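What's counted below: heavy atoms across the whole structure, side chains too, no hydrogens, waters or symmetry copies. What you are looking at is a predicted structure, and each value in this text was computed from that prediction instead of being measured. Reminder, nothing fancy here: chain letters follow the sequence lines and each chain counts from 1.
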There are 2 protein chains.
Amino acid sequence: MNLEDIARRAGVSRSTVSRVINNEPYVSDRTRAKVMAVIQEVGYAPNPAARMLVTRRTHVIGVVIPRELITVFEDPYYFPTLLQGIAEAAQERDYATLLWVGSSSEDEDRLYERVLQNRLMDGLLIASATRQMGITRRLVEHHIPFVMVERPAALEDQINYVSIDNIAAAQDAVNHLIDAGRRRIGHITGSLNNSDGLERVEGYRLALRRARLPYDPDLVVEGHFTSRSGYLGMKALLKQGVDAVFAASDTTAYGALQALHEAGVRVPEDVALVGFDDLPRAVEANPPLTTIRQPIHQKGYQAAHLLLDLLDGKVRGPRHILLPTQLVIRASSGANTF
Amino acid sequence: MNLEDIARRAGVSRSTVSRVINNEPYVSDRTRAKVMAVIQEVGYAPNPAARMLVTRRTHVIGVVIPRELITVFEDPYYFPTLLQGIAEAAQERDYATLLWVGSSSEDEDRLYERVLQNRLMDGLLIASATRQMGITRRLVEHHIPFVMVERPAALEDQINYVSIDNIAAAQDAVNHLIDAGRRRIGHITGSLNNSDGLERVEGYRLALRRARLPYDPDLVVEGHFTSRSGYLGMKALLKQGVDAVFAASDTTAYGALQALHEAGVRVPEDVALVGFDDLPRAVEANPPLTTIRQPIHQKGYQAAHLLLDLLDGKVRGPRHILLPTQLVIRASSGANTF
DNA sequence: GGTAGTTCTGGGAGCGCTCCCAATCCGATC
DNA sequence: GATCGGATTGGGAGCGCTCCCAGAACTACC
């Protein structure tokens with residue numbers, strides 16, 4: 001069933017049917033209605049391949065997620081939520097979403113090789129990359145439209161991205177601890193090959209400086225956004241002696257909490273704790289976790305809309321969008337706002 | 001850059017280049033090498049739209065995930081892991097993966113409408129559906145190849161699926177509790193509009209019968225695979241008085257655990273608990289959770305391979321694949337195998 | 001009633017591939 | 001050295017759509 005068939009049944013020409021389908025002007029109401037009726041009746045949908053071939057547009061966007069990120073790093077809540085936001089935007093604009101997930105058996109470079117070889121996408125969404133340099137440079141050089149969902153490590157002024165202001169958010173978290181009277185504040189970092197992780201360290205540093213508190217490298221333990229690194233990091237910090245800890249993610253904070261419980265340290269009386277993400281579990285933690293809420297769904301939603309705006313020529317890049325975060329105060333930080 | 005360009009540069013015809021690209025016989029080694037060299041040199045990749053148009057194959061499979069399932073029901077660990085398995089198989093067979101996630105603003109029917117209208121896919125993977133009847137019937141009628149990742153509610157003998165033997169697995173879980181001497185065993189179910197949930201109830205029932213224990217409807221509380229329903233379900237069961245509980249998912253078990261802790265009930269001394277899934281968190285629970293391990297990644301991987309085998313004509317449907325599960329005994333069930 | 005301008009309609013060309021058939025080449029065989 | 005059959009190569013046709021241009025139909029105006 002093709003355009004010509006519909007045309008014959010409706011007693012018009014191929015061109016007219018095409019105009020109706022693409023909602024173009026210069027079709028009389030009578031003709032339009034007649035054609036629509038036939039289309040409805042036979043359940044016709046145009047052949048996307050034929051359309052792509054001539055328009056050079058696929059109406060497909062690609063989402064690239066390096067393997068480790070989907071389940072290992074961070075909380076598994078992150079990517080489903082991000083994908084949900086992306087899918088919602090794509091649906092609104094009538095685009096389909098092609099998913100590229102790195103697999104265990106290949107490294108990131110191979111993944112990008114496959115993505116670049118596949119010419120089925122109008123643009124790309126890069127959902128967090130660990131070794132972005134290589135890929136982003138190539139994308140920029142090849143003029144492939146793309147949006148990153150995190151601040152790029154390089155070429156920032158040439159790259160579109162949607163992120164949050166990690167520095168300000170981390171400062172909020174640490175300021176909150178300082179305001180609550182804490183003075184020896186430790187930080188269990190996220191992955192430091194990633195700008196989210198790096199910026200949170202920076203925010204931590206700035207907050208201490210603003211309060212004229214010393215920056216003690218021994219109070220900063222490198223982690224990987226994981227629960228395990230939170231557990232180990234907390235053990236290290238307990239040896240150093242701290243009265244508060246800012247964990248780079250809620251997942252990290254859970255690990256820390258476990259270490260604190262095992263050590264018989266009271267939270268928040270002895271050590272106050274602040275996380276980052278506001279995962280659904282945060283409110284169920286014991287004690288409920290003070291944390292930074294970040295709009296994960298919105299990140300995906302806005303990044304997708306930005307990409308589609310770029311593709312439609314509605315906006316011109318590079319664009320940088322920073323979404324707001326919010327400090328959510330619960331019991332773990334010891335502020336009596338419960 | 002198209003076939004003709006490559007042909008000109010290599011001094012051969014369009015047809016020969018096509019043969020090389022598609023790895024067809026009847027090309028001399030010398031010619032093949034020459035063409036390959038040119039392709040490498042200019043970084044040529046064939047236009048997928050043109051290819052699709054004539055072959056009527058897209059080399060794209062669709063994955064459909066109704067909205068609620070991606071983040072709300074079950075643990076968010078489930079879908080990332082499933083997708084990972086699917087993506088891995090697709091990659092091995094050189095297929096791309098189109099993702100269809102229901103959005104909040106539309107219901108399942110609308111999602112399926114969009115999927116059916118989009119003709120960009122050779123086949124579909126249905127990753128759990130709540131109201132499958134409508135869609136599966138239409139897919140079967142339209143002869144669209146598809147594989148479900150759960151046992152279908154209807155038309156079972158006409159539908160390809162990959163699942164686990166939920167009945168046997170649930171029996172294992174309950175038998176384990178019975179073997180440990182428990183006699184008043186409750187069950188917090190999963191969603192009962194879903195075969196995974198229904199079959200686990202059935203397994204629970206069969207295990208009791210085999211042990212000649214009475215089936216008491218008051219000891220079965222309907223849940224939704226969620227933590228909250230586990231919490232509420234456990235509270236209800238505590239009123240009934242139980243010495244063990246089989247929760248339909250680990251997430252449900254976490255909720256139950258919280259209710260038990262709050263009530264000051266000792267686990268496993270007073271109430272033994274078994275979950276289902278073996279999420280990474282299960283081992284970190286307090287006490288560590290006895291549970292049924294199910295191969296989520298494998299489910300996705302095998303389902304995708306089955307779909308591709310069907311598409312390639314390597315196998316003929318309908319095929320039913322049941323993957324093995326495994327009882328993982330930890331402290332929460334009170335068996336001293338710690 | 002003629003003309004100009006607009007709205008509407010139809011059909012050729014071509015997007016870049018694969019498929020098919022015909023033509024050519026080549027070594028072996030008699 | 002002619003013949004044969006398989007290996008190799010080339011080019012026309014056509015997939016289903018959009019784009020473009022030409023022509024028809026209609027309207028408004030003088």
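If you check every strand for non-hydrogen atoms under 4.0 Å, R56(B) touches sugar and phosphate atoms only. Note on S15(B): a base of the nucleic acid sits closer than 4.0 angstrom, heavy atoms only.
A 4.0 Å heavy-atom criterion places the boundary nucleotides of DNA chain D facing chain B at dA7(D) to dG16(D), written 5' to 3'.
Counting only heavy atoms from C-beta outward, the side chains of L311(A) and R57(A) approach each other to under 4.5 Å. Annotation: side chain of L116(B) is in contact with side chain of I144(B) (closest heavy-atom distance under 4.5 Å).
Each of R32(B) and E4(A) was assigned the nucleotide of DNA chain D with the nearest heavy atom; the assignment lying further toward the 5' end belongs to R32(B). If you find the closest nucleotide of DNA chain C to R19(B) and to V12(A), the one lying nearer the 5' end belongs to V12(A).
Looking at I126(A), V64(A), L310(A) one by one, the single match for side chain to side chain contact (heavy atoms under 4.5 Å, CB included) with F146(A) turns out to be I126(A). Of the residues listed (E88(B), Q91(B), Q84(B)), the one engaging V101(A) in a side chain to side chain contact (heavy atoms under 4.5 Å, CB included) is Q84(B), and it is the only one.
Y301(B) and H297(B) have parallel rings, their planes meeting at less than 30° on a 0 to 90° scale where 60° marks the start of perpendicular.
Between the CD1 atom of I6(A) and the C1' atom of dG10(C) there is a distance of 17 Å, given to the nearest Å. Atom NZ in K34(A) sits roughly 14 Å away from atom P in dC8(C) (whole-Å rounding).
Between R93(B) and D312(B) a salt bridge is recorded (basic side-chain N to carboxylate O distance below 4.0 Å).
Between the side chains of Q294(B) and Y78(B), no donor N or O sits under 3.5 Å from an acceptor N or O.
Here the straight-line distance linking atom OG of S163(A) with atom CZ of R151(A) works out to 7.5 Å at 0.5 Å rounding.
With axes fitted over five pairs at each extremity, the angle between the ends of the helix from dG1(C)-dC30(D) to dC30(C)-dG1(D) is 50° (10° resolution).
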